[in-house]
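Step one of this worksheet: look at the structure below.
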Amino acid sequence: MTDSSLMALRYQRLVLLNRMSVALFGDRPFAASIAEAGHAAMALMGAQSIAVHIVDERGAPAPAYRHADKRLSDDSARAAEAALLARAFEEKRIVVSDDGKRGWEAAPLMRLTAEKAIVTGCVVFGRLSAEPLDAEREGSLVEIARHLRNARMIQDTLQRRAIAAAVLDQSSEAIFVTDLEHVIMTWNEGAADLLGWRPEEVIGRRGDFLIPAERMEQIKSVIAEVLQRGYKLSVETERLRKDGTRIALEGAFTLLKAEDGHPFAIVRSFRDITRRKEVERMKSEFTALVSHELRTPLTAIKGFAETIRDFGDELDPAKKAEYLQIMVDESTRLGQMVGDFLDIARIESGGIDMEPADVDVRSLFSRIAALFKEHKSKARFALDVRPGAETLRGDPEQLYRLLVNLAGNALKYTPEGGTVTLAAAPQGADVELGVLDEGPGVSKKDQARLFEKFYRAGDPITRKTPGTGLGLAICKGIVEAHGGSIRVESEPGKGARFVARLPKSGPPAA
């Protein structure tokens, strides 16, 4: 072959290799670009078939693309191709074979690390003639394998980055990355929502402005451990929002390292634990409350029982009767508290037993008024049942318990000789049952949380009145089991009105 012919051949191969590169490294996914690249590769090798296999997630070769002349598509040709593919994977080098008439050439797609060579795929070419692999074609085969390997690696990297970016940005948790000098490099939407800063306001700044002054030593200790161990999980801490308010967070820190093992950044992930901290506080308060509330009636019952046992013969009948009545009253209160604990557990597990029936609202109100007729507040009950609200469907006993709780609360706050109003009014397909007192009202702060279990308002009357903070939570559970809703309406100094809105048609089907 003359020098000019050799130059022309090499130029043609460069053109084909460039065409293959353009196809592989364009904007299209690897699976879509490989067909066009495959035709250029076949022309470059002077082959009549090409098969590309890529190692899948399980580490096994999986076919990614194949195109062949029908004369290289019979069973014997496919068997020879598969055998050569297996050899290339095992031997990690270019291998060839022929059957005397047809020939095959295979090259593994290799990724080299400091420790070992990793096969990531293989390309096999088939020819209708059995020819030895000369230096020019071997060089072309090496270039083709290198291009396919690089294209696949780039596509995998871009895909992983796209997935990671999507997961990062769509996560509800606050996630951001800082370098080792604590300069913020990334900032996701979760961080923007949680802390109030937009990405353009924080990227490039040291993250110290997010940390309360008294938490600086904590973060220094955490970062020191991260640099040593590579991670630190479940760190309870606080951060500052853009408006200056604090937020309770649980953080996780992960060290990022380059391929050479050197650390270069820290991923910081935070989730809001304000609610959890509040629940923990409420549980702690509830434990103290329950231990006190249960101990009080038990102490009284035990004390008076021992008095009657030891000095019963010496007590006059009136005093003995008084002590026995105290024991009965305290036993009743104790039973009510235990009942409340069981009720709230049953409500939370969706276990309220409902036996719907037609309920006469005026009779229900009269029953409540009769129950509290001798209440120490000496308050009177006013009943107001509007036309259209005379009946509704519900569980009579559960609705009775609802109104007992609401009316009992109203009596605590109504001044002596005042009035508690029980009202019913139609609201479309619903009936609103209201309990109105003449007390000092409920603050806006307390209104937002009154129906949470264990929550007790901070006013003086509530503080000196025994209770578990479960009554209104039970009311809410009863109303919601009926398919309704409950709310409070109040202004300071103008009393409070608790309103349960219930469907006339009754509770939803279980």
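As a basis for the values below, the full set of heavy atoms in this structure was taken, side chains included, without hydrogen atoms, waters or symmetry mates. One is the number of the first residue; the rest follow in order along the sequence.
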query: Looking just at side-chain N and O atoms, do Arg102 and Ser76 make a donor-acceptor pair shorter than 3.5 Å?
result: yes

- prompt: Between Glu480 and Ser485, is any side-chain donor less than 3.5 angstrom from a side-chain acceptor?
  reply: no

Answer yes or no: is there a side-chain heavy-atom contact under 4.5 Å between [X] and [Y]?
| X | Y | value |
| --- | --- | --- |
| Arg149 | Thr120 | yes |
| Arg401 | Gln398 | yes |
| Ile273 | Glu236 | yes |
| Ile486 | Arg501 | no |
| Phe125 | Leu141 | yes |
| Phe209 | Val202 | yes |

Crowded around [X] [atom1]? As in, over 12 foreign heavy atoms under 6.0 Å?
| X | atom1 | result |
| --- | --- | --- |
| Gln228 | CD | no |
| Asp75 | CG | no |
| Tyr231 | OH | no |
| Glu90 | CD | no |

Is the backbone N or O of [Y] less than 3.5 Å from a side-chain atom of [X], with the two atoms forming a donor-acceptor pair by type?
| X | Y | answer |
| --- | --- | --- |
| Asp395 | Glu355 | yes |
| Asn188 | Glu173 | yes |
| Arg393 | Ser505 | no |
| Thr178 | Ile184 | no |
| Ser490 | Val442 | yes |
| Arg137 | Pro132 | yes |
| Arg206 | Glu181 | yes |

Nearest-0.5 Å distance that lies between atom [atom1] in [X] and atom [atom2] in [Y]:
| X | Y | atom1 | atom2 | answer |
| --- | --- | --- | --- | --- |
| Ile266 | Met185 | CD1 | CE | 11.0 Å |
| Leu240 | Ile247 | CG | CD1 | 10.5 Å |
| Asp179 | Phe264 | CG | CZ | 10.5 Å |
| Lys476 | Asn405 | NZ | CG | 14.5 Å |
| Leu44 | Ser140 | CG | OG | 4.0 Å |
| Ile474 | Leu402 | CD1 | CG | 11.0 Å |

task: Could you give me the CA-CA distance, side-chain angles and deciding distance for Thr237 and Arg239, then say whether side chain to side chain donor-acceptor pair (under 3.5 Å) is met?
output: CA-CA 7 Å; Thr237 186; Arg239 290 295 180 267; 3.1 Å; yes

Can you tell whether the side chains of [X] and [Y] come within less than 4.0 Å, N to carboxylate O?
| X | Y | value |
| --- | --- | --- |
| Asp69 | Arg71 | yes |
| Arg198 | Glu189 | yes |
| Arg78 | Glu81 | no |
| Arg127 | Glu131 | yes |
| Arg487 | Glu489 | yes |
| Glu250 | Arg275 | no |
| Glu201 | Lys242 | yes |

task: Apply the test salt bridge (Lys or Arg N to Asp or Glu O under 4.0 Å) to residues Arg146 and Glu143: give CA-CA distance (whole Å), side-chain angles for both, the deciding distance (0.1 Å), then the verdict.
output: CA-CA 5 Å; Arg146 186 171 64 85; Glu143 285 297 316; 2.5 Å; yes

task: With side-chain contact (heavy atoms from CB on, under 4.5 Å) as the test, would you mind laying out the steps for Leu180 and Leu255 before giving the verdict?
output: CA-CA 9 Å; Leu180 300 185; Leu255 190 65; 4.1 Å; yes

message: Cation-pi check for Phe270 against Arg268: NZ or CZ below 6.0 Å from the six-membered ring centre and within 45 degrees of the axis, yes or no?
response: no

- prompt: Where does the angle between the aromatic ring planes of Phe176 and Trp187 fall among parallel (under 30°), tilted (30 to 60°) and perpendicular (over 60°)?
  reply: tilted

- request: Take Val222 and Phe253 through the side-chain contact (heavy atoms from CB on, under 4.5 Å) test and state the conclusion after the steps.
  value: CA-CA 8 Å; Val222 168; Phe253 301 76; 3.7 Å; yes

